[in-house]
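Working notes for the structure below.
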Amino acid sequence: MAERKSPQSAQESTASDRAAAAWWHQAVVYQVYPRSFKDTTGSGLGDIAGVTSRIGYLKQLGVDAIWLSPFYPSQLADGGYDVDDYRNVDPKLGTMDDFDKLAKTAHEAGIKIVVDIVPNHSSNLHPWFKAALAAGPGSPERDRYIFRDGRGEHGELPPTDWVSHFGGPAWTRVPDGQWYLHLFTVEQPDWNWKNPDVQADFIKTLRFWLDHGADGFRVDVAHGLCKDLDRDNLDQWSVTPPSLPADGSHPLYDRDDVHQIYREWRKVFNEYDPPAFAVAEAWVNPARQYLYASDDELGQVFNFEFAKKNWVRDDMHQAIEEGLEAARRSGSTATWVMSNHDVPRHASRYALPQVPSTRHHQLAHDWLLRDGTSYHEDREAGTRRARAAILMELALPGSAYLYQGEELGLFEVADIPWNKLEDPTARNSERAAKDKGRDGCRVPLPWVAADGVEGSFGFSPRVKSVGAGVSADQAGQPSEPAHLPQPAWFADFAADRESAQPESMLNLYRRALALRHELMPADTTLTWLDEDRPSDAPDGADGQHGGVIAYRRSNGWASVTNFGAEPVALPAGEVLLTSGELCSDGRLPQDTTVWLRLNQD
C-alpha cells in the first residue's frame, strides 16, 4: 500500500522537497498495451503477469516508468477503454494479486507505475449503467449518464445529428424511448460529470489504485468530461472537429468547468508521499494545453503537436516551440511523444511521402485503408528518420513517452485482413470517413525470432497453462493464436535478434536512454544554437524545406538534426552518440542526429 502523508507533513513540505518528489518532470515513460505485450498463459492475449516477466527488459532499456493501457474488466468493444469495473483486473488479463506483484516488481527495479483511467465514459455493462436502464427516465440512477428525450413527434429522432468518433450515430435509443450519448462506441455511454455520485466514485477509484502502488495516471479524453448540451445550435458542432477553438466554447470538449474536477483530483494526489501526478490526453487547441498541466491540476499534458507532424524541419521546430511554451505557461514540464496506441507508428509515417494534408496522419490512414498498397513505404528512410527523431526528442527538456515496440523500430502492420480487425473504427466508419482503424500499431510484440514459423515470435507460450484467460481443463492444449495476426517480417525485429545486433534500433535506444540519465540537467532550459536554421531549399523529405534543428541544454549537452540534403558542419565539441554514421569529413548527413558535449568557450 502507498504511504500517506499526514496533513501536517504535507503543509510543511518545502519547495525543494516537492521538486525532488516530481520524478516525472523529465522521466522516460514506456507505454504498455497489455493485451499485446506478453502472454504467459497461451490465451492469445497479453496479461499482467507478462508485463511483470519483462520488467528486466524494461530496466535494461532504461525507462523510468511504465504506463499501462486499460486492463480492467471489459467486453473489448474499444480495446479495453470500455470499462465494466474501474477497481479490478480483467480476468482475461489476471487478478489484483497479479497487479500487486507487478507494482512490487517494478518498484524494486526502480520503475514507476502509471495507470490509465477512463473518466469520459464507462461500458454499457457497468453496474451503474444497467441500473440507469432499469430505473427509467428522471431517476437518480439515470442522471449519472447523459440521457435525453428525442426529437420528432414521438421522440423517434436523436437529440442531435452527431456522428461518433468511430462512425455511426452518437446517440442510442433505449426501450423506454430516451436516448443516451456515447461519443465513442454504443458500448461506451458518457458519464454525466455534473452528478456528484460520478465525481465521488472517481475519487474512490483514484485512491484505490494509489493504495495498490500506482504512482500516477494517464487520463483518457481528459478534455471531454464537461459538456454543455443546453443550447440550440448543437448540430453546428462536430464530435470530431479538425481543431478546437481557443476560448473553450465547444459544447463537448475543453470546457472551463473540467478544471475544477482536476483541482479536486490534485487534492487526492497530494495526500500521498510522494504526491501522485497525472498526464492528460487532451487533444485541444495548443493555446489551452497548459491549463491541464498546472501544479494545482494534473501536472502534465501530452504535447500531441509533436506526434502530429511530418518529418519536416519547420513543422517539428514549431511543435517543439509550442511544447516549451505550454510548459512555461503551466509551470510544469513538456511532454514529447511520437507514437501511441491511437496513431500509426512513426517509423511508417516517416517512411511514407511527407506531404501536407488537412488532417494529421491523413496520408497514413489512406495508405492503411488500402492495406498499405497505395503509397511506397520507404522503410530504409523511415528507419533512418526514426533513429534521428528519437535522439532529437530525448535531449529535449521534459518527459519522453515511448510506445511499446518503437524501441524495436516496428512499422505499422498495414495488411491485417479486414475480418481479423478488432478496432470499432473499421466496423462503424463508412463512405468518405471510412477508416481501417488502429490495430496496425497494436499487433502483439515479437520477442523471439526463431518462434515465428509456427509460433507467435515468443509472444505466447506453445501450450496453455492455468492463469489469465485459461482454465484448468484447457491447460496443456495448444495456445490460441495471437489476438491480432503478426507478419512474417516481425522476425527481423524480434527483441532477441535486435539485442544481439550492436547497431540495432533497440541498442540505440538503450545507449540513448543510458546517456540521457547521465546528461539530463535538473533545469529545463533550452538554448537554440547558431546552427539552428530553416532553409528555403526544397531539399528535405519529398521536396519539403530542409534545414537544421540544433539546441543545447544548460550543461553543454547539444543535439543537432539535419533535415536537408547538404551535410552540415557540427559545432565544436565531443561527439557522444549519433543516430547514423557521420560523413567521412565529420559533417552531419541528412536525416541524422548527433549528441555532443560542446566545448567550453
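Shown here is Lys434, whose NZ atom has more than 12 heavy atoms of other residues, nucleotides or ligands within 6.0 Å. Lys59 NZ: 12 or fewer foreign heavy atoms inside a 6.0 Å radius.
Gln188 and Asn124 share no side-chain donor-acceptor pair at under 3.5 Å. Of the N and O atoms on the side chains of Gln362 and Asp366, at least one donor lies less than 3.5 Å from an acceptor on the other residue. Under the 3.5 Å distance criterion, with hydrogens and angles disregarded, a donor-acceptor pair is assigned to the side chains of Asp423 and Thr425. Judged purely by distance below 3.5 Å, without hydrogens or angles, the side chains of Glu480 and Ser460 never pair a donor atom with an acceptor atom. A donor atom on one side chain and an acceptor atom on the other are not found under 3.5 Å apart for Ser164 and His182. Checked by atom type, the side-chain pair Gln590/Asp539 shows no donor-acceptor distance below 3.5 Å. The closest side-chain donor-acceptor pair between Asp116 and Tyr81 falls under 3.5 angstrom. Remark: the Tyr401 side chain and the Gln300 side chain contain an N/O donor-acceptor pair separated by less than 3.5 Å. Under 3.5 Å, the side chains of Ser399 and Gln26 contain no donor-acceptor pair of N or O atoms. For the residue pair Asp85/His126, the side-chain donor-acceptor check at 3.5 Å is not satisfied. Looking at Glu108 and Thr105, their side chains never bring a donor and an acceptor atom within 3.5 Å of each other. Side chains of Asp82 and Ser74: a donor-acceptor N/O pair is present below 3.5 angstrom, by distance only. Side-chain polar atoms of His346 and Ser339 form a donor-acceptor pair below 3.5 angstrom. Side-chain contact, Thr592 with Asn562: no donor N or O sits under 3.5 Å from an acceptor N or O.
Salt bridge present: Arg35 and Asp90 bring a charged side-chain N and a carboxylate O closer than 4.0 Å. Here Arg349 does not pair with Glu412 in a salt bridge; the nearest charged N to carboxylate O distance is not below 4.0 Å. Ion pairing of Glu380 with Arg385 is absent here, as no side-chain N (NZ or NE/NH1/NH2) approaches a carboxylate O to less than 4.0 Å. Ionic pairing of Asp220 and Arg218 is present here: one or more N-O contacts between side-chain nitrogen and carboxylate oxygen are shorter than 4.0 angstrom. Salt bridge Asp451/Arg462: present, at least one basic N to carboxylate O contact under 4.0 Å. The pair Asp492-Arg497 meets the salt-bridge criterion, with a side-chain N (NZ, NE, NH1 or NH2) lying under 4.0 Å from an Asp/Glu carboxylate O. Look at Arg442 and Asp342 and you find a salt bridge, because one of the NZ, NE, NH1 or NH2 atoms lies within 4.0 Å of a carboxylate O, short of that distance. With salt bridges taken as basic N to acidic carboxylate O contacts below 4.0 Å, one links Asp78 and Arg438. Between Arg345 and Glu406 there is no salt bridge, since no side-chain N of the basic residue sits under 4.0 Å from a carboxylate O of the acidic one.
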Could you walk me through whether Thr335 and Asn303 satisfy the side chain to side chain donor-acceptor pair (under 3.5 Å) test, starting with their C-alpha distance in whole Å, then the side-chain angles of each, then the deciding distance to 0.1 Å, before giving a yes or no?
CA-CA 6 Å; Thr335 60; Asn303 172 25; 5.8 Å; no
Quick one, Ser456 with Gln486, criterion side chain to side chain donor-acceptor pair (under 3.5 Å). Give me CA distance, side-chain angles, the key distance, then yes/no.
CA-CA 7 Å; Ser456 59; Gln486 300 161 298; 4.7 Å; no
Would Glu566 and Arg587 count as a salt bridge (charged side-chain N to carboxylate O under 4.0 Å, His left out) if you check the C-alpha gap in whole Å, the side-chain angles of each, and the deciding distance to 0.1 Å?
CA-CA 10 Å; Glu566 186 67 26; Arg587 291 186 299 164; 3.7 Å; yes
Pair Ser535-Arg313, side chain to side chain contact (heavy atoms under 4.5 Å, CB included): steps then yes or no
CA-CA 9 Å; Ser535 171; Arg313 184 267 176 194; over 6 Å; no
Full working for side chain to side chain contact (heavy atoms under 4.5 Å, CB included) between Leu445 and Lys38:
CA-CA 7 Å; Leu445 293 186; Lys38 181 70 177 78; over 6 Å; no
Passes side chain to side chain contact (heavy atoms under 4.5 Å, CB included), Leu408 versus Met505? Steps please.
CA-CA 6 Å; Leu408 302 175; Met505 186 75 81; 6.0 Å; no
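Checked by atom type and distance alone, the side chain of Asp542 never pairs as donor or acceptor with a backbone atom of Val355 at under 3.5 Å. Without hydrogens or angle criteria, Asp371 side chain to Thr373 main chain gives no donor-acceptor distance under 3.5 Å. Listed for the Ser36 side chain is no donor-acceptor partner under 3.5 Å among the backbone atoms of Tyr33. Checked by atom type and distance alone, the side chain of Glu281 pairs as donor or acceptor with a backbone atom of Val221 at under 3.5 Å. Not a single donor-acceptor pair under 3.5 Å links the side chain of Asp39 to the backbone N or O of Phe459. Remark: the backbone N or O of Asp97 is not paired with any side-chain donor or acceptor of Asp100 at under 3.5 angstrom. Under a 3.5 Å cut-off, the side chain of Asn507 and the backbone N or O of Glu498 do form a donor-acceptor pair. Distance alone, capped at 3.5 Å, places no donor-acceptor pair between the Ser357 side chain and the His360 backbone. Side-chain atoms of Ser499 never come within 3.5 Å of backbone atoms of Asp496 as a donor-acceptor pair (strictly under, hydrogens ignored).
For Met96 against Asn88, the heavy-atom pair with the smallest separation is CG-OD1, 3.7 Å. Residues Gly213 and Ile113 approach most closely at O-CB, 4.3 Å, considering heavy atoms. The minimum heavy-atom distance between Gly80 and Pro70, with the atom names listed, is O-CB, 3.2 Å. Taking all atoms of both residues into account, the shortest heavy-atom contact from Asp591 to Ser579 is O-OG, 4.4 Å. Counting all heavy atoms, side chain and backbone alike, Val89 lies closest to Phe99 at CG2-CB, 4.2 Å. Looking at every heavy atom in both residues, Trp336 comes nearest to Gly323 through CH2-CA, 4.0 Å.
Between the CG atom in Leu577 and the CG atom in Leu508 there is a gap of 6.0 Å [rounded to 0.5 Å]. For the atom pair Glu187 CD and Gln75 CD, the distance stands at 5.0 Å (nearest 0.5 Å). Between the CD1 atom of Ile390 and the OH atom of Tyr509 there is a distance of 3.5 Å, given to the nearest 0.5 Å.
Phe37 places none of its side-chain heavy atoms less than 4.5 Å from the side chain of Ile48. Between Thr185 and Phe166, some side-chain heavy-atom pair lies under the 4.5 Å cut-off. Side-chain atoms of Leu102 and Ile55, non-hydrogen and from C-beta on, do get closer than 4.5 Å to each other.
Classified by interplanar angle (parallel below 30°, tilted 30° to 60°, perpendicular above 60°), the ring pair Tyr350/Trp311 is tilted. By the 30° and 60° cut-offs, the orientation of the rings of His165 relative to Phe184 is parallel.
Under the 6.0 Å cut-off for aromatic ring centres, Trp367 and His376 do not qualify, their centroids lying 6.0 Å or more apart.
In summary, of the residues considered (Phe302, Trp24, Tyr403), a ring pair (Phe, Tyr, Trp, His ring centres under 6.0 Å) with Trp67 occurs for Phe302 alone.
Annotation: cation-pi pair Arg379/Trp489 present, NZ/CZ under 6.0 Å from the ring centroid and within 45° of its normal. Under a cutoff of 6.0 Å and an axis angle of 45°, Arg427 and Trp418 do not form a cation-pi pair.
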